[in-house]
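Below you'll find the structure, written out as structure tokens, and then a few comments.
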Amino acid sequence: MTRISIYDLDETITRRPTFARWLLFWVRTRAPWRLPLLALQGLVTLAYLGGWVDRARLKRMGIAFCMGRAERGAVEAAARAFVARELRGNVLADALAAIASDRAEGRRLVLATASMDFYASAFAEGLGFETAIATKAGWAGARLMPGAPGPNCYGGEKLVRVEAWWATQGVARKGASVRAYSDHISDAPLLDWADAGVAVNPAPVLAKMARAREWLVVRWR
């Protein structure tokens with residue numbers, strides 16, 4: 001039987017969300033002259049929290065303000081450095097223990113996250129995952145573009161992306177064992193699709209859903 005574990009990233013493996021941390025890291029290490037634009041992104045974040053800006057636009061504007069048309073090689077190098085730092089100080093020890101346990105069981109490890117692919121891939125590599133399914137950045141040749149070519153890898157779209165990846169694997173879903181981990185109710189479609197859903201440090205609304213749908217609830221530190 002093929003056994004696969006699918007992990008969300010932000011606040012499932014990491015202690016804190018990664019996108020704002022990435023933008024700050026990029027500006028500090030690669031583009032300090034963009035610091036005033038980082039402040040503008042803070043206003044966009046407030047607009048997002050107020051419901052006036054959606055997640056996809058939040059990301060597009062963050063990339064536009066803080067990264068511009070960055071060169072691909074520079075982005076990839078910065079992503080590796082960023083992830084190395086995050087793995088030292090922004091991951092949950094219990095998440096790492098769960099990943100190690102799943103690996104010891106012979107489970108294939110997949111990262112499925114709304115985070116941008118250029119650093120999600122570095123997380124997958126650093127954690128020893130097989131692949132990362134993430135929000136795709138837009139590129140024009142070797143230059144980053146603010147817009148993303150596809151939808152934000154979030155909510156139901158994440159499950160669509162996971163199923164699209166699955167279709168390339170030559171594995172029958174019926175004969176596989178899938179375990180999915182997430183901290184957020186937006187991943188309910190993925191947790192339902194899995195054979196075993198795991199709600200990580202859930203907020204009350206997710207904890208209530210987990211009880212109703214018999215998902216495992218874990219408290220990771």
Side-chain angles (χ1 to χ4, degrees), residues 7-70 75 78-79 82-83 85-86 89-92 95 111-124 132-139 144-162 180-191 199-209:
Y7 285 78
D8 177 46
L9 178 62
D10 285 2
E11 297 184 279
T12 298
I13 295 174
T14 67
R15 295 182 182 277
R16 293 172 292 279
T18 55
F19 185 63
R21 292 170 66 82
W22 160 258
L23 294 179
L24 181 58
F25 179 86
W26 175 267
V27 169
R28 283 179 170 174
T29 63
R30 298 283 176 161
W33 61 90
R34 290 183 178 271
L35 192 58
L37 295 177
L38 187 63
L40 285 179
Q41 181 63 12
L43 296 178
V44 176
T45 301
L46 291 176
Y48 161 71
L49 293 173
W52 297 300
V53 171
D54 66 16
R55 288 172 180 262
R57 187 166 177 80
L58 174 72
K59 290 176 182 175
R60 288 196 297 269
M61 295 181 76
I63 291 171
F65 287 149
C66 299
M67 299 181 70
R69 297 192 65 194
V75 173
F82 170 70
V83 168
R85 190 192 70 168
E86 293 293 285
N90 189 31
V91 293
L92 296 165
L111 190 65
T113 174
S115 297
M116 297 306 301
D117 57 357
F118 47 75
Y119 70 80
S121 295
F123 267 107
I133 299 167
T135 299
K136 294 181 179 179
W139 299 93
L144 185 65
M145 299 296 290
N152 193 31
C153 186
Y154 179 81
E157 177 62 23
K158 184 184 286 188
L159 178 56
V160 169
R161 295 281 305 281
V162 166
Y181 300 80
S182 179
D183 72 292
H184 201 270
I185 196 167
S186 65
D187 280 330
L190 178 61
L191 296 174
V200 179
N201 297 341
V205 65
L206 179 57
K208 181 179 180 180
M209 182 179 289

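The minimum heavy-atom distance between D117 and A134, with the atom names listed, is CA-CB, 3.7 Å. Here the closest heavy-atom approach between residue T135 and residue A114 is recorded as OG1-O, 2.7 Å.
No donor-acceptor pair under 3.5 Å is formed between the side chain of T12 and the backbone N or O of L9. Not a single donor-acceptor pair under 3.5 Å links the side chain of D187 to the backbone N or O of L190. Under the 3.5 Å distance criterion, the side-chain polar atoms of D183 are left unmatched by any main-chain donor or acceptor of N201.
If you take CZ on R60 and CG on N152, they are separated by 9.0 Å, rounding to the nearest 0.5 Å. Rounded to the nearest 0.5 angstrom, L23 CG and M61 CE are separated by 12.0 Å. Atom-to-atom distance recorded for S115:OG and I133:CD1 is 13.0 Å, nearest 0.5 angstrom.
Within a 6.0 Å radius of CZ in R85, other residues, nucleotides and ligands contribute more than 12 heavy atoms.
Taking the six-membered ring where tryptophan is involved, the planes of W22 and F82 are perpendicular, since the angle between them exceeds 60° and thus also 30°.
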TODO: For side chain to side chain contact (heavy atoms under 4.5 Å, CB included), just list the numbers for T14 and F123, CA-CA rounded to whole Å, side-chain angles, deciding distance to a tenth of an Å, and then say yes or no.
DONE: CA-CA 10 Å; T14 67; F123 267 107; 4.3 Å; yes
Validation: residues 31-45 side-chain donor-acceptor distances under 3.5 Å, sequence neighbours left out:
residue : atom : partner : partner atom : Å
R34     : NH1  : F65     : O            : 3.0
Q41     : OE1  : G62     : N            : 3.2
Q41     : NE2  : L58     : O            : 3.1
T45     : OG1  : Q41     : O            : 3.0

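For residues 13-22, every residue pair satisfying the salt bridge (Lys or Arg N to Asp or Glu O under 4.0 Å) rule, not counting sequence neighbours, is listed here: R21-E86.
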